[in-house]
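These notes concern the structure reproduced below.
Order of the sequence lines sets the chain letters (A, B, ...), proteins ahead of strands, with each chain counted from 1.
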Amino acid sequence: MNTRQQSKLIYSWYGKPMSSDRKLRTSQYKGILITSESSRTETCIQLGDFILVEGVNADQPYVAQLVDLYEDGAQQKHAVVQWFCRLEEIPQNKRKLLKREVSAQEVFFDQVLGYDTDIAAETIIKSIMVLPLHLGEELPIITLNKEQTFYVKQSWDGKCFKVLSPDTFSKLKEASKKRGVITNSSKAFIPSDTLTPVKKETESVVRSATKPKNACMEIESKHSASKFSLAKERHSQRVANNDIKTPTARKKLELNSPTRSKGRLLGCEVLGLLDDDCDAIAPLEPSATKRKVKFTSELLGSPPKIPCSSDKSKSTPETAEHCQRFSDILQLSPYTKVKDFSEKDKNLHGKDDNLSLVGYQKPSSQSPVLTPRSRRTCAQKTNALIAEQISLLKSHGKLVAEEDFLSGSDSSYSSSSEEEEDDDVPCTPEKKSKSSRIYSTPKSSKKPAVHTPAKTLKKTPLPGTPRTPRNATPEIPRRVQAAQEPASVLEEARLRLHVSAIPESLPCREEEFQDIYNFVESKLIDGTGGCMYISGVPGTGKTATVHEVIRCLQQAAENDELPPFQFVEINGMKLTDPHQAYVQILEFLTGQKVTATHAAALLAKLFSTPGPKRQTTVLIVDELDLLWTRKQNVMYNLFDWPTQKHSKLIILAIANTMDLPERIMMNRVASRLGLTRMSFQPYTYKQLQQIVSSRLKGVKAFEEDAVQLVSRKVAALSGDARRCLDICRRATEICEFARQKRTPEMVRMAHVTEAIDEMFSSPYVNAIRNASLHEQIFLKAILAEFHRAGVEEATVQEVYHHHVALCRMEGLQSPTVSEIMAICSRLGACRLLLVEASNKYLHVRVRLNLSQDDVMYALREE
Amino acid sequence: QHRHLLELLKRTTVHGESNSALIIGPRGSGKTALLNHVLKDLREMKQVTENLLENPFLSGLLQTNDKVALKEITRQLQLENVVGDKVFGSFAENLAFLLEALRKGNRTSSCPILFVLDEFDLFVHHKNQTLLYNLFDISQSAQTPVTVIGLTCRQDILELLEKRVKSRFSHRQIYLMNSFDFKQYIKIFKKQLSLPAEFPDESFAQKWNNNVQHLSEDKTVQDVLQNLFHHTKDLRSLHLLLMLAVSTVTVHHPLLTAADLQEASRQHRTDSKANIVHGLSVLEICLIIAMKHLNDVYDGEPFNFQMVYNEFQKFIQRKAHSMYNFEKPVVMKAFEHLLQLELVKPLERPSVRAQREYLLMKLLLDSSQIMDALQLYPNCPTDVKQWAASSLSWL
């Protein structure tokens, strides 16, 4: 969501309504005009065009074909589309069905029924190209505007991939052809009488063709300089186009178009033309290209590959083209900063990979169409190598060198283009005017290049010394030695009794499991949203059950029994602040990292607007009560989203208290939570027994009675399964200690009792018994004072008198006040006493933290 | 206890089992010493050292909130977002990062981590107990093996834990008590005082150790020790006492005597407030006595300066022969001095509205302390002493 995209876009209909439906009060149109206010550009999208549609994630717009455009009774503009899906949108587990590598530019004809094909026209971003290909066909090499062109080979209906049916294929082909015609024709039919309209129109048309939005913003700023020359150039093209309707002309167009700095060239067009004309190019270019090769080799100390390449004359057009690309990127670079360099490298590598695939197939298929491609491959490889070499140079030097190289190549290109123009000149009668105009081309392409060094140098923060390594991978170092496997039965049992051990099934929670499962399943099938509130004391298996449900659902979705869904989990305890919940949810859903307020806004937008292809989201909110804020807006939002019509959000909220909605939630929040509640009862002793024994299945380590004792004890106290397991685990340890003498390896009653005693024994009595004499006397004095005053609170001064009296009775040396204070604070630290802050000295008030009877009991034993 | 803890840690390191435990015991009962000892033993074991046990050590007194604690953990673990001993990023980021880091590991492959939380009770007061919840949650789930060990002196620590945090804690508590009797105490005393065998001057070490042995059988020394033992079983106070005694040892006075110990004990036991009284002027003493009488008459009710002054005036008019009748501002000055020494404490903050003479005060001394101090006070006029002894006799 950068600022550029926030510039206002105005959507208006193109032309008059084609037909209208009285009853539905809709009227249909054949095109839509998108006007950007800030850049004053207009884009016209017509029926049959391929478009990008705003998606969940700003970086990943959806691809679609425009099928219908209409305006409904409420003046809302709607569009009906045929979706294409990217590989990323296909569930991970289905991707393997494809059994082949898929490039980032490939999309699938989407035949999944669940998606809404009716979208708001305002979500259309821009138009693009989608080319149908046969399955066996290789992806054509795209030289420019990678982002703008997609390819379709197969269709996807939610379950499997299919080859495109012939009629779809032809339809798509037609659509893309038509599109090509439109762009071509619009180029061809520009009237040449006035220069300014030409300029404007060419611009808008060209833009409508393929230009990415940001590029257009950028070009805006720069255009004042290059506009004029561009228009001229275009003009010349047109002239050429009109005059010589031969491949040469088209080739020239194609060779010229790279000079139009931005990614305007339709890659497909280039390719098609290239295939046609590759033989035509060859004879035209030797002089230019040779010179160029020399030039580059001089410039870079060591690119031995270019001279080495088998056919110079043929590879060099490609290098020339590459230089274009370089210059393109360079022109972009002031805006995209240094990271462009790395990106560029990456791009090159990526292409290189793609191309190398093609390269491998060269030997097998020697068709003339492929040969130039393979040539190009090696040329691109060399280029990639050059880029790499450059990047290896040191940061500063690198920049400079690259600048040099690029500007150099630029000039070399311009010279070659000039050369080429000169070659053309004899062929056409109108060449005089044209060639004179052509001189502007180098200027236009050079100008930005001249600007760049200064800009890039200024704007580049030096790479290296990253302050915060954002991309640090959170990881704990691996252990050197592998963990030991359990050796004895007891160890095995202990391992299974650990809370973290995941049991195969969850005994005693079958009903709850079924309820939750049914709830989520029904919502999933309906495609609606809803909330469920789950409560229960700690350790009753709430989270475990919910996770189990999700696991089962995911499995079902994998087996195509259920529509696929996204699963997000947040835990109130693991958030530092309730508002961080938004951030986490958004990160789960889209992978973006933004601030809390921004995330809230994005999520609200996401859930409240009808998303075209939205999967249902299942959100688990653990420890719900911690998301409480004073205004409760976090909870309000969470429970408000599912009630939105299009949200498809299912929330499972988990908390401890049963009456949480009534207790802490405002009415409006509680009412949105709805009445679907479920409470997990504490386990009974039988259930606990079953849990323990199911975990110990197959391991004979516990006596029946021992397990029963533990479960009864825990069930009487809390019904916390965790506690139960912990006691059992401790019992195995005790048993192991004791085992040294005896052989039988069974946990008996005695061990369990010991473990229980250890866990539940009150520490106070023990602590008092081990206290020093005066501490005990002090406690006695407190008791006496309480007895005297009848109030369970006394000041140290009063207790002191009693203490001294007691000491006299016992025949001990009575302590000083300082010593009494020390004793008092020590007992306070152990929390046997509750003591006020000590600055009141003698008037500190003292209370017992345990019952008087306990103290009496502990002291009497002596 | 030692064996229990050792076993526990060994299992974490060797088997990769997650655990949590609390070591509870009063101050000076050797909690940290026990832990350090166990860790030392653990490091000596071959298996463990190979597994590279990491242990972030956090103290509740240093890491006062979860944010600081998290940063400290990541710093001590040397995770990848540490830049030159410093951790950047917001609290939320750090938490997410650490959790992610710990989640990635599993039982068999990642290196076990031992978290030591000193002053565990202070961590309990952190907001929502987020850190504790997360640490215990990790120890209860199949993530990186961790052992969380808390050290605290509070017996009621479990009641401070929130219920879900409590549920996740394994309830393994190791109680440390000073459960030795007096004989062992004497033994400890001997051991602490004896010179080690590797002491360079052997003949002196021999002599010194003999002397210590002799001392431990001495009656007066035993009395001193018994007294201390009755007061507290904390070994740190024994150290303090011995420190005082040993610091008297010089070249000319090479061996410790029973008298030294007695002297040290006396110093150790002196009442701090009574000591202050010794340094007061006669006027100030008189004021304190007046306050004491007021306390007796009104049974501990607070008083103000005017009341004290009146009481003092009465004494001057009726009885005093040796005392000069000071003017009120002078008496006020003396009273303020007592206030500064914190022998007297105002009940509320001095405010602008209330005049200083009428601020309600309380005496921070017990009558027995005052009497003791008067006995020792040099050159105390007899009539003042008499006045102090009998509050009513002069009427």
Side-chain angles (χ1 to χ4, degrees), chain A residues 467-469 472-484 486 495 498-502 538-539 573-574 576-577 580 583 623 626 656 720 722-723 726 730 733 759 763-764 766-767 770 772-774 797 800 812-813 815-819 822-823 826 829-832 840-843 849, chain B residues 14-18 24 26-27 50-52 79-81 83 88-89 91-92 95 97 99-102 104-105 107-111 113 128 130 133-134 140-142 144 153-156 163-164 167-168 170-172 175 177-179 227 229-233 269 271-273 362 364 366 369:
Chain A
R467 290 262 304 164
T468 334
T473 46
E475 201 178 18
I476 299 293
R478 321 288 287 176
R479 58 190 293 157
V480 179
Q481 209 179 43
Q484 266 183 18
L495 198 66
H498 198 278
V499 183
S500 70
I502 299 156
M573 267 296 197
K574 291 179 180 170
T576 50
D577 177 85
Q580 288 291 327
V583 181
E623 316 290 359
L626 284 167
N656 288 137
D720 188 338
R722 287 198 192 104
R723 183 76 68 90
D726 277 333
R730 178 74 188 122
E733 282 167 26
M759 293 219 174
Y764 292 116
N766 216 347
N770 284 311
S772 70
L773 187 60
H774 274 287
Q797 192 167 20
Y800 174 66
L812 292 168
Q813 196 179 0
T816 59
V817 177
S818 289
E819 279 167 328
I823 288 170
R826 230 170 321 169
C830 295
R831 286 300 186 278
L832 288 171
K840 286 189 173 173
Y841 200 59
L842 273 180
H843 305 289
N849 196 23
Chain B
V14 178
H15 296 290
E17 198 178 297
S18 293
I24 303 173
R27 299 225 179 273
E50 280 173 23
N51 278 342
L52 185 101
L79 293 180
E80 279 183 40
N81 63 344
V83 182
F88 298 99
F91 182 26
L95 182 67
F97 182 85
L99 288 180
E100 182 60 29
L102 293 171
K104 273 199 176 168
R107 196 181 74 84
T108 45
S109 64
S110 29
C111 184
I113 303 172
N128 285 346
T130 313
Y133 177 91
N134 286 317
Q140 295 256 309
S141 53
T144 308
C153 62
R154 289 183 65 159
Q155 310 279 348
D156 61 343
K163 55 185 184 305
R164 43 195 158 203
S167 163
R168 282 169 173 79
S170 75
H171 287 265
R172 219 180 272 274
Y175 289 101
M177 295 294 166
N178 294 319
S179 51
N227 218 323
F229 179 71
H230 280 161
H231 274 118
T232 168
K233 287 175 165 181
R269 297 191 48 191
D271 194 329
S272 53
K273 293 272 177 185
K362 269 200 157 186
L364 292 186
D366 195 58
Q369 277 176 299

Given B:R164 and A:L626, is the side-chain contact (heavy atoms from CB on, under 4.5 Å) satisfied, shown in steps? CA-CA 12 Å; B:R164 43 195 158 203; A:L626 284 167; 3.9 Å; yes

Heaviest contributor of heavy-atom pairs below 4.5 Å to chain B, chosen from A:V817, A:D577, A:V583, is A:V817

Can you give me the closest heavy-atom contact between B:S167 and A:G539, atom names plus distance? OG-N, 3.9 Å

What closest approach, in Å, do A:M573 and B:N134 show between heavy atoms, and which atom pair accounts for it? O-ND2, 3.8 Å

NE2/B:H231 to OG1/A:T816 distance, rounded to the nearest 0.5 angstrom? 6.5 Å

Check the orientation of B:H230 and A:H774. Use parallel for under 30°, tilted for 30 to 60°, and perpendicular for over 60°. perpendicular

Does B:S170 use its side chain to pair, donor to acceptor, with the backbone of A:D726 at less than 3.5 Å? no

To the nearest 0.5 Å, tell me how far B:T130 OG1 sits from A:E623 CD. 11.0 Å

